[in-house]
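Every value quoted in this text rests on a predicted model; they were computed, and no experiment measured them.
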Amino acid sequence: MDSTSTRRRNTRQKLYEAAVTLIAEKGFSSTTVEEIADRAGVAKGTVYYNFKSKSELFEELLRYGVGLLTASLQEAADATAARDGSNVESLDAMIRAGLEFIDRYPAFTQLYVAELWRTNRAWQSTLLVVRQQAVAVVETVLSQGVANGELSREIDIKLTAAALVGMVLVAALDWQAFQSERSLDDVHSALSRLLHGRVGGTQG
């Protein structure tokens, strides 16, 4: 990668970080391009050099952030498979990877979850596409588990994958907002018990 490409990538990274923090604090409509530029430490013209508008910047921010999440989930699944772990172990590793991502990027996660509920945004179609990319990683592991008999053929793969991703997102946000004294290991352990079906019944 040449120096110009590297410089542009670094500038975009600064703008993403500035935008996600400001929009989480003030909301999309109340955040101006000038504020994003100031927070990023660049000229206003630099924003428009990299993005046509504030809406495009936010759309690309969503694409970028969910791309990072998808990559972290895939890496967790691949690492488990590389050591011949089970598909359930892969799902457990992805839960932890998701928690680690959210712990690292809490402002982005808040924005992402909020935007999932909105239907009047210009970037709604983009959001649906990138969301599906993240969920598809989980769907693949579930499908493999069903195919090799590790998981029940009765499970609804699409809904179960979406539920697992949603569980991690909502549980992590609740953890950060209301149970911040708990460790990441503690939260992962609780969600792991859900995954392994150890919630109902009594221990023998």
Discussion item. Using side-chain heavy atoms (C-beta onward) and a distance below 4.5 Å, is Arg83 in contact with Glu89?
Written reply: yes
Worksheet item: Below 4.5 Å, heavy atoms only, C-beta onward: do Ile102 and Trp175 meet side chain to side chain?
Response: no
Worksheet item: Does any donor atom in the side chain of Ser5 or Arg9 lie under 3.5 Å from an acceptor atom in the other side chain?
Response: no
Item to complete: Examine distances only and state if a side-chain atom of Glu150 and a backbone atom of Asn87 form a donor-acceptor pair shorter than 3.5 Å.
Response: yes
Worksheet item: Looking only at atom types and distance, does a side-chain atom of His196 sit under 3.5 Å from a main-chain N or O of Ser192, one as donor and one as acceptor?
Response: yes
Worksheet item: Shared ILVMFWY cluster between Leu164 and Leu116, side chains joined below 4.5 angstrom?
Response: yes
Worksheet item: With sequence neighbours left out, what residues match Trp123 under ring-ring contact (aromatic ring centres under 6.0 Å, His included)?
Response: Phe28, Phe58
Worksheet item: Cationic tip of Arg131 within the cone over Tyr112's six-membered ring, i.e. under 6.0 Å and within 45° of the normal?
Response: no
Item to complete: Could you check whether the rings of Phe101 and Tyr105 sit parallel, tilted or perpendicular, using 30° and 60° as the cut-offs?
Response: tilted
Discussion item. So that I can tick it off, tell me whether Arg39 and Glu35 are bridged by a salt bridge, with the cut-off set at under 4.0 angstrom between side-chain N and carboxylate O.
Written reply: no
Discussion item. Any carboxylate oxygen within less than 4.0 angstrom of a Lys/Arg side-chain nitrogen, looking at Arg96 and Asp185?
Written reply: yes
Fill in: All salt bridge (charged side-chain N to carboxylate O under 4.0 Å, His left out) counterparts of Arg63, not counting sequence neighbours
Glu59, Glu60
Practice prompt. Can you sort out the partners of Asp186 under salt bridge (charged side-chain N to carboxylate O under 4.0 Å, His left out), two or more places apart, ordered by chain and number?
Written response: Arg182
Discussion item. My understanding is that only one of Val138, Thr160, Leu73, Thr80 makes a side-chain contact (heavy atoms from CB on, under 4.5 Å) with Leu91; could you say which?
Written reply: Val138
